[in-house]
Amino acid sequence: MYIPKQYSVKERAEIYAFLHGHPFGTIVTHDGDKPIATHVPIRFDEANGHLTTHIAKANPQWRTIEEQKVLVIFQGPDAYVSASWYGHEDVSTWNYQAVHVYGRATILNENELVEELAGLLHEHEGEREHAVRWDTLSEPIKRQMHGVVGFRIEITDMQATFKLSQNRNDMDHERIVSELEKQDEPIADVMRRHREL
């Protein structure tokens, strides 16, 4: 991914926090003819340096995953930034957050897949009043796991870019944030917090 220096994120803690906060990504591989992608929920195991996920067994992409390096793309909020918000003439642009994770994937065995699915439920159900838990599902529901293929992706590289108007002076930056807040754009809050770091 092309990353201009002023938008590069190198701090691992910041990247890790982003991955935990944006657990839905896009897995990209190549089928020998063209790139293919699937959008999936992903768990990030910070301690062991890997991602886990699953896709439908009917999805032919799973057959390519072990054969090559995998790219997983995570995205945060984004928004159009109008040049009319600057204190001088310039070009309009787009602010966004993106992390690319590269790695090698292996297929999970049945026990590992159960652990992955149970963990996914636990992380996203939390302490809901009627939280869905793997161990309380009926056997017919559990058997649906045979319709998916799980993967562990051992991370070999991460690249992160947070384009948040860092190249703008304080006055322009505040004006951009204010205009984005008027439009209820979530990236406005991200920009404000990031500027304060």
Side-chain angles (χ1 to χ4, degrees), residues 1-31 33-46 49-53 55-56 59 61 68-103 120 123-126 128 153 155-197:
M1 162 166 67
Y2 170 65
I3 306 176
K5 189 174 183 179
Q6 69 266 38
Y7 307 135
S8 178
V9 180
K10 298 290 187 189
E11 179 61 44
R12 288 289 171 177
E14 189 173 5
I15 298 172
Y16 291 174
F18 182 85
L19 293 179
H20 286 301
H22 299 85
F24 194 77
T26 305
I27 297 179
V28 181
T29 58
H30 201 278
D31 68 2
D33 179 47
K34 62 187 180 305
I36 50 177
T38 301
H39 310 277
V40 290
I42 299 173
R43 295 176 66 215
F44 171 47
D45 185 333
E46 183 177 328
H50 66 246
L51 308 173
T52 52
T53 188
I55 63 176
N59 181 340
Q61 186 179 16
Q68 57 193 271
K69 186 171 275 193
V70 175
L71 166 62
V72 185
I73 301 171
F74 295 87
Q75 291 182 274
D78 66 273
Y80 176 76
V81 175
S82 171
S84 68
W85 302 338
Y86 308 152
H88 59 281
E89 185 180 24
D90 206 335
V91 295
S92 298
T93 189
W94 210 280
N95 279 359
Y96 63 93
Q97 293 179 288
V99 173
H100 285 193
V101 176
Y102 297 88
L120 191 64
E123 287 178 13
H124 295 284
E125 288 290 326
R128 296 173 197 258
I153 301 168
I155 297 170
T156 58
D157 189 27
M158 287 187 184
Q159 299 173 349
T161 181
F162 293 177
K163 184 176 180 295
L164 303 171
S165 298
Q166 297 96 317
N167 60 329
R168 299 293 168 188
N169 63 42
D170 288 345
M171 190 179 302
D172 278 359
H173 190 275
E174 182 56 37
R175 191 179 302 112
I176 293 166
V177 170
S178 178
E179 292 295 335
L180 291 172
E181 286 174 337
K182 289 177 188 175
Q183 299 174 23
D184 293 321
E185 292 286 359
I187 200 167
D189 184 52
V190 174
M191 291 174 63
R192 194 175 292 286
R193 284 185 283 112
H194 197 269
R195 191 74 160 198
E196 293 168 358
L197 295 178

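The analysis underlying the following values was restricted to heavy atoms, covering all of them including side chains, and did not include hydrogens, waters or symmetry mates.
K182 meets the salt bridge (Lys or Arg N to Asp or Glu O under 4.0 Å) test with E179; sequence neighbours excluded. Shown here are the side chain to side chain contact (heavy atoms under 4.5 Å, CB included) partners of D157, two or more places apart in sequence or in another chain: Y102, Q159.
Exactly one of I73, I55, T26 qualifies for a side-chain contact (heavy atoms from CB on, under 4.5 Å) with H39. That residue is T26. For the side-chain contact (heavy atoms from CB on, under 4.5 Å) with F162, the lone residue among V99, V190, I187 that qualifies is V99.
The heavy-atom pair separating L19 from M158 by the smallest distance is CD1-CE, 3.7 Å. Of all heavy-atom pairs spanning R175 and G87, the tightest one is NH1-N, 3.2 Å. Contact between Q61 and I27 at its shortest, heavy atoms only, is NE2-O, 3.1 Å. Heavy atoms only, all atoms of each residue included: H88 and D172 are closest at CE1-OD2, 3.3 Å.
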Test side-chain contact (heavy atoms from CB on, under 4.5 Å) on E185 and N95; report intermediate values, then the result.
CA-CA 11 Å; E185 292 286 359; N95 279 359; over 6 Å; no
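No side-chain heavy atom of H100 sits less than 4.5 Å from a side-chain heavy atom of T161. Side-chain atoms of Q166 and H173, non-hydrogen and from C-beta on, never get closer than 4.5 Å to each other. Considering only heavy atoms from C-beta on, S165 comes within 4.5 Å of M191 through its side chain. Looking only at side-chain heavy atoms (C-beta outward), H50 and I153 stay at 4.5 Å or farther from each other. The closest side-chain heavy-atom distance from T52 to D45 is not below 4.5 Å.
In this structure, OG1 on T53 lies 8.5 Å from CZ on F24, to the nearest 0.5 angstrom. Here CZ of R192 is found 4.0 Å from CD of E181. Values are rounded to the nearest 0.5 Å. Atoms CD and CG, from E125 and L120 in turn, are 9.5 Å apart once rounded to the nearest 0.5 Å. The distance from atom CG of L180 to atom CD of Q183, rounded to the nearest 0.5 Å, is 6.0 Å.
Applying the salt bridge (charged side-chain N to carboxylate O under 4.0 Å, His left out) test to pairs two or more places apart or on separate chains, none has a residue in residues 14-27. Identified under the salt bridge (charged side-chain N to carboxylate O under 4.0 Å, His left out) test for residues 87-101, with sequence neighbours left out: D90-R168.
Judged by distance alone, the side chain of E123 and the main-chain N or O of R43 form no donor-acceptor pair under 3.5 Å. Not one N or O on the side chain of T29 forms a donor-acceptor pair closer than 3.5 Å with the backbone of V70.
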Identify all side-chain donor-acceptor contacts of residues 74-81 below 3.5 Å with residues at least two apart in sequence or on another chain.
| from | atom 1 | to | atom 2 | distance (Å) |
| --- | --- | --- | --- | --- |
| D78 | OD2 | W94 | NE1 | 2.8 |
| Y80 | OH | S92 | OG | 3.1 |

Taking distance alone, no hydrogens or angles, what donor-acceptor pairs closer than 3.5 Å link side-chain atoms of residues 1-9 to residues at least two apart or in another chain?
| from | atom 1 | to | atom 2 | distance (Å) |
| --- | --- | --- | --- | --- |
| Y7 | OH | N167 | OD1 | 3.4 |
| Y7 | OH | N167 | ND2 | 3.4 |

